[in-house]
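Model, not experiment: these values are computed from the prediction. Per chain, numbering begins at 1; letters A, B, ... match sequence-line order.
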There are 2 protein chains.
Amino acid sequence: MDNDHGSALRDSSQRKHFGMRKQTHDQRLKQILQAATELIGKYGFYGTSLHQIADAVGMTNAGVLHYVKNKNELMTMVLESTYDADNPVWRFLRGSSTIDGKDAESAPMHIPVLYRRTTEINESRPDMVRLFSVLSAEALQPTHPAHDYFLRREDVLWRQFSRIDWKVPPGTDLENVFATANSAMDGIQLRWLRDDSIPLTKLWSRCEGIIFPSPLWDDYR
Amino acid sequence: MDNDHGSALRDSSQRKHFGMRKQTHDQRLKQILQAATELIGKYGFYGTSLHQIADAVGMTNAGVLHYVKNKNELMTMVLESTYDADNPVWRFLRGSSTIDGKDAESAPMHIPVLYRRTTEINESRPDMVRLFSVLSAEALQPTHPAHDYFLRREDVLWRQFSRIDWKVPPGTDLENVFATANSAMDGIQLRWLRDDSIPLTKLWSRCEGIIFPSPLWDDYR
DNA sequence: GTCTATACGGAGATAGAC
DNA sequence: GTCTATCTCCGTATAGAC
């Protein structure tokens, strides 16, 4: 990229300078995305201004726009880089990771484990759960910059989920369990965000008892 | 109210005029609240401007503010007047109505009936379901004008629900069923609003099969 | 009862200085 | 890489004419 300024100028100090610039750039971007995650999670996309985000990272409006083309692109980057990238459950569903030490190809796979793992992970990142909850409602409107993301996400999740050879009680309707458990998860997360006096994992354990009832699911959880 | 303008002036034409004014006023207000319900449901409270609402009822910005003190009060009025007022399920839970022809004091009360009735009602008013879904996420933030409403609502609903002498299978944990069913309802409504190619009642029937499984609940639905 | 006019602040985005 | 300055438009809300 732009190598024609003469090789004589690219001494080691220059290269170091370039290296530091690059690192700083990525760090800054990460800071911005993190601030955006928190603020959009709190106030929604429409309720958050670039100015708020800029303030949170100690910059000005124009400074932030040096890193992202515009507000819509910021939304996209937040969704794609921040949320899914470091979600172990997704990595597991994609087959590139393990769940409870088992990979998707070996050992019995139990659905309740997946949801318990999800709540454990999400309990440690309320900001992202909040972002996700707020956007999945706000982005119902087709004009919302996150609309397509949530449309696709539903399908993608199901395709990955249904690829797995789950061990379940005889007669189980996988698709209905999937839809019901995911729906209940959405709702219980909202309740947890509204009042976190009870941990998400505990709130979910109550749902698990209803959705995967004993004794039917005793050997499959 | 304001009777001291002299009885000589209150002839029949005046009274008629006053009557018409009153009617027009209420109608206008209702129009405004209806438009606000639709628009806030689509774009959220922060994403909706008074101008949009004014446009929808063929008025100007200032015209709308003749009916509501400010935007926050509009939010309150929408919530309190529009949503709960004409919800038969709530009226039933308050004990002032019947469910499937039975009132709360007689006949066996079955929980799945309550949720089925809710989906039937909500299927006919997507605008209000949307309003409710969007706000319950947007209003997580304590500074949101609907925050308190949703905090109280959770408690109120449970208090009314738990007053009823539900007929349920032995060993049922009422509170867990309530929390799980409500959460699943939140999530399934979101999915329905995102893609309404399958009716809400049908989507819910799948959840019912999971949350109130056969044969345990066969005599209680 | 509804309008126009207006005050005032904040939004997103760009140009150009440093 | 970040700032200031600025553009343009939109936001809520009020005052006062009709």
Side-chain angles (χ1 to χ4, degrees), chain A residues 1-2 5 13-33 35-36 39-40 42-78 138 143-146, chain B residues 1-2 5 13-33 35-36 39-40 42-78 138 143-146:
Chain A
M1 37 171 93
D2 233 44
H5 284 308
S13 78
Q14 262 263 330
R15 232 180 289 139
K16 189 177 177 191
H17 183 61
F18 268 55
M20 282 191 56
R21 280 257 284 257
K22 179 86 176 76
Q23 196 185 24
T24 302
H25 183 89
D26 285 359
Q27 282 175 346
R28 266 297 197 207
L29 183 57
K30 215 170 172 181
Q31 269 188 300
I32 290 169
L33 295 180
L39 287 165
I40 296 176
K42 280 184 184 165
Y43 306 105
F45 176 75
Y46 297 132
T48 304
S49 69
L50 290 178
H51 182 72
Q52 282 177 279
I53 295 167
D55 262 9
V57 295
M59 277 198 266
T60 60
N61 211 318
V64 171
L65 288 171
H66 186 250
Y67 290 85
V68 295
K69 207 172 106 265
N70 53 39
K71 203 189 171 192
N72 273 23
E73 199 205 63
L74 175 62
M75 179 78 271
T76 308
M77 292 182 77
V78 165
E138 200 185 32
T143 52
H144 194 287
Chain B
M1 40 175 94
D2 233 45
H5 285 307
S13 79
Q14 261 264 332
R15 233 180 286 139
K16 189 177 175 189
H17 183 61
F18 267 57
M20 282 191 56
R21 282 257 286 259
K22 180 86 175 77
Q23 196 186 23
T24 302
H25 183 89
D26 286 359
Q27 282 174 345
R28 268 295 198 209
L29 183 57
K30 216 170 170 180
Q31 271 189 300
I32 290 168
L33 294 181
L39 288 166
I40 296 176
K42 281 184 183 165
Y43 306 104
F45 176 75
Y46 297 132
T48 304
S49 69
L50 290 177
H51 182 71
Q52 283 178 278
I53 295 167
D55 263 9
V57 294
M59 278 198 266
T60 60
N61 211 319
V64 171
L65 288 170
H66 186 252
Y67 289 86
V68 295
K69 209 171 107 265
N70 53 39
K71 202 189 173 192
N72 273 23
E73 199 205 64
L74 176 62
M75 180 78 271
T76 307
M77 293 182 76
V78 165
E138 200 185 31
T143 52
H144 193 287

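If you measure from atom OH of Y46(A) to atom P of dG10(C), you get 22 Å, rounded to the nearest angstrom. Atom CG in L50(A) sits roughly 17 Å away from atom P in dC10(D) (whole-Å rounding). Between the CG atom of N61(A) and the P atom of dG9(C) there is a distance of 18 Å, given to the nearest Å. Look at NZ on K69(B): it is 14 Å from C1' on dT14(D), rounded to the nearest Å. dT12(D) atom C1' lies 14 Å from atom CD of Q52(B), rounded to whole Å. The separation between Q31(B) atom CD and dG1(C) atom C1' is 13 Å, rounded to whole Å. Put simply, CZ on F45(A) is 12 Å from C1' on dA11(C), counting in whole angstrom units. Between the CD1 atom of I53(B) and the C1' atom of dC10(D) there is a distance of 15 Å, given to the nearest Å.
Phosphate contact (OP1/OP2 of dT2(D), side-chain N/O of T60(A), threshold under 4.0 Å): absent. Contact annotation: S49(B) side-chain N/O to dC10(D) OP1/OP2 distance is not under 4.0 Å.
Which of dT2(D), dT12(D), dA13(C) sits closest to the side chain of L65(A) comes down to dA13(C). When each of dA13(D), dT4(D), dG1(C) is scored by its nearest atom to the side-chain atoms of A62(A), the top-ranked nucleotide is dT4(D). With dT14(D), dT12(D), dG1(C) as the candidates, the nucleotide lying closest to the side chain of H25(B) is dG1(C).
Both tests hold for K71(A) against F45(A): distance to the six-membered ring centre under 6.0 Å, angle to the ring axis within 45°.
Within 4.0 Å of G47(A), counting heavy atoms only, lies no atom of the nucleic acid at all. Residue contacts shown for N70(A) are limited to sugar-phosphate atoms, with no base heavy atom under 4.0 Å away.
Aromatic rings of H144(B) and Y43(A) (six-membered ring for Trp) have centroids beyond the 6.0 Å cut-off, not under it.
Separation of atoms CD1 (I32(B)) and CD (Q27(B)) is listed at 12.0 Å; rounding is to 0.5 Å.
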Handout entry: Check against side chain to side chain contact (heavy atoms under 4.5 Å, CB included), I53(B) and N61(B)
Key = CA-CA 8 Å; I53(B) 295 167; N61(B) 211 319; over 6 Å; no

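Side chain of R28(A) to backbone of V57(A): a donor-acceptor contact under 3.5 angstrom is found.
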